[in-house]
Amino acid sequence: MFFKRITSTFQKRHRLYLDYASSTPIDVFLQKKIPRLSPFVLGANPAALHQEGVNAKQVLEASRARIAALLHAHANEIVMTSGASESDNLALIGTIQSFIKKGYTPDQIALITSDLEHAAVRETLNHYAKKGLIFHVVASEQGSIFPNDIVIPEQAKAALISIMYVNNEIGTVQPIRDIAKRVRYLRKHNPEVEIVFHCDATQVPLYYSLDVTKLGVDLMTLGATKLYTDRGVGILFKKKRIDLLPTMYGGGQEFGLRPGTQSVELIHHFAYALE
């Protein structure tokens with residue numbers, strides 16, 4: 001019994017957490033560097049008109065501006081969400097519903113993705129494929145996508161292309177700039193087709209550029225689970241010209257795209273972690 005107890009204690013003390021591609025632990029040194037917010041700001045609704053609400057709104061918008069600067073985007077192109085999966089859903093469903101609202105029929109809408117995508121993308125698109133939308137999966141070769149394999153189906157009048165930047169399981173990196181170049185080529189040679197390019201970049205921040213002007217994406221997803229900070233927050237970059245419809249209703253927050261009182265503290269931490 002004594003030996004079992006000692007062995008159990010030894011094993012617990014020497015366990016190593018290696019699942020960082022799934023979710024990172026909170027970095028206590030990072031937390032110490034993040035400026036603390038007043039309890040009144042933390043507890044206030046940033047939509048409220050009293051002074052505490054105004055202060056919370058200022059922190060929220062300052063965080064949005066810092067995130068935008070890091071992405072080389074405009075502040076009004078950054079939509080706050082509860083995480084990367086929600087951001088993926090908002091990007092994909094919001095685009096599809098926008099296509100439908102414009103009058104495109106299911107058999108005119110193409111959904112183009114790869115066989116490497118996260119479940120938040122894969123299952124969302126599978127759901128719409130069952131509703132009659134054109135669904136095309138680009139096959140990877142040894143974990144890589146070749147841009148020229150992305151084509152627009154003949155009958156399509158609108159196309160949503162979603163390719164992840166860095167894979168969360170095998171770590172392969174897709175040539176997003178080259179894929180964006182391919183998207184521009186497809187737009188030029190298919191001027192009658194409305195094409196939107198989404199990229200899930202959740203695994204990217206610690207390793208590669210997030211400059212959306214150089215990447216050439218229309219929509220880009222990020223979450224906090226890989227940033228050594230608090231979970232429960234993410235963003236969607238949405239280029240100004242891209243039309244999205246909300247997937248939830250009940251408030252006018254986040255430019256009318258994502259209702260609900262924002263978590264100022266989580267957003268504040270996310271911005272500093274991303275920096």
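Heads up: numbering here begins at 1 and tracks the sequence. Because only heavy atoms are used, hydrogens play no part in the values below, and waters and symmetry mates are left out as well, while side chains stay in.
Counting heavy atoms of neighbouring residues, nucleotides and ligands inside a 6.0 Å radius, atom OH of Tyr249 exceeds 12 of them. Within 6.0 Å of OH in Tyr207 there are 12 or fewer heavy atoms belonging to other residues, nucleotides or ligands. Heavy-atom neighbours of Glu192 CD from other residues, nucleotides or ligands within 6.0 Å: above the threshold of 12. When the shell of 6.0 Å around CD of Glu169 is examined, it contains 12 or fewer heavy atoms from other residues, nucleotides or ligands. Within 6.0 Å of the OH atom in Tyr20, the count of heavy atoms belonging to other residues, nucleotides or ligands exceeds 12.
Note on Ile112: it does not cluster hydrophobically with Met164, by side-chain heavy-atom contacts below 4.5 Å among ILVMFWY residues. Residues Leu160 and Leu116 fall into different hydrophobic clusters, defined by Ile, Leu, Val, Met, Phe, Trp and Tyr side chains chained together at heavy-atom separations under 4.5 Å. A continuous path of ILVMFWY side-chain contacts below 4.5 Å connects Val173 to Val204, so both sit in one hydrophobic cluster. In the hydrophobic cluster analysis, where Ile, Leu, Val, Met, Phe, Trp and Tyr join through side-chain heavy atoms closer than 4.5 angstrom, Val193 is grouped together with Ile179. Tyr228 and Ile67 end up in the same hydrophobic cluster when Ile, Leu, Val, Met, Phe, Trp and Tyr side chains are linked at under 4.5 Å.
In plain terms, the two heavy atoms of Thr202 and Lys226 that are nearest each other are O-CG, 3.3 Å. Shown here for Met248 and Glu86, the closest heavy-atom pair between the two residues is CE-OE2, 3.4 Å. Closest approach of Gly256 to Pro246, counting heavy atoms only: O-CB, 3.6 Å. Contact between Leu90 and Leu244 at its shortest, heavy atoms only, is O-CD2, 4.0 Å. Here the closest non-hydrogen pair linking Val212 and Ala73 is CG2-CB, 4.1 Å. Between Gly94 and Thr247, the closest heavy-atom pair is N-CG2, 4.1 Å.
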Item to complete: Take Asp243 and Lys101 through the salt bridge (charged side-chain N to carboxylate O under 4.0 Å, His left out) test and state the conclusion after the steps.
Response: CA-CA 10 Å; Asp243 295 322; Lys101 185 178 180 180; over 6 Å; no
Worksheet item: For Tyr208 and Gln203, what are the C-alpha separation, side-chain angles and deciding distance, and is it a side-chain hydrogen bond (donor to acceptor under 3.5 Å, both in side chains)?
Response: CA-CA 9 Å; Tyr208 298 98; Gln203 296 286 147; over 6 Å; no
Worksheet item: Would Asp149 and Arg182 count as a salt bridge (charged side-chain N to carboxylate O under 4.0 Å, His left out) if you check the C-alpha gap in whole Å, the side-chain angles of each, and the deciding distance to 0.1 Å?
Response: CA-CA 9 Å; Asp149 288 343; Arg182 173 66 175 172; over 6 Å; no
Worksheet item: Between Thr172 and Asn167, is a side-chain hydrogen bond (donor to acceptor under 3.5 Å, both in side chains) present by the stated rule, with each step listed?
Response: CA-CA 5 Å; Thr172 50; Asn167 187 270; 5.2 Å; no
Worksheet item: What do the steps show when you test His118 against Asp200 for side-chain hydrogen bond (donor to acceptor under 3.5 Å, both in side chains), and what is the final call?
Response: CA-CA 8 Å; His118 187 275; Asp200 184 334; 5.2 Å; no
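Taking the side chain as every heavy atom from C-beta outward, Phe270 and Met80 never approach each other to under 4.5 Å.
Shown are Lys157, Lys102, Arg187; of these, the side-chain hydrogen bond (donor to acceptor under 3.5 Å, both in side chains) with Glu194 is made only by Lys102. Partner Gln262 forms a side-chain hydrogen bond (donor to acceptor under 3.5 Å, both in side chains) with one of Lys57, Glu254, Arg64 and no other, that one being Glu254.
Between the side chains of Ser114 and Glu117, a donor-acceptor pair is found at a separation under 3.5 Å.
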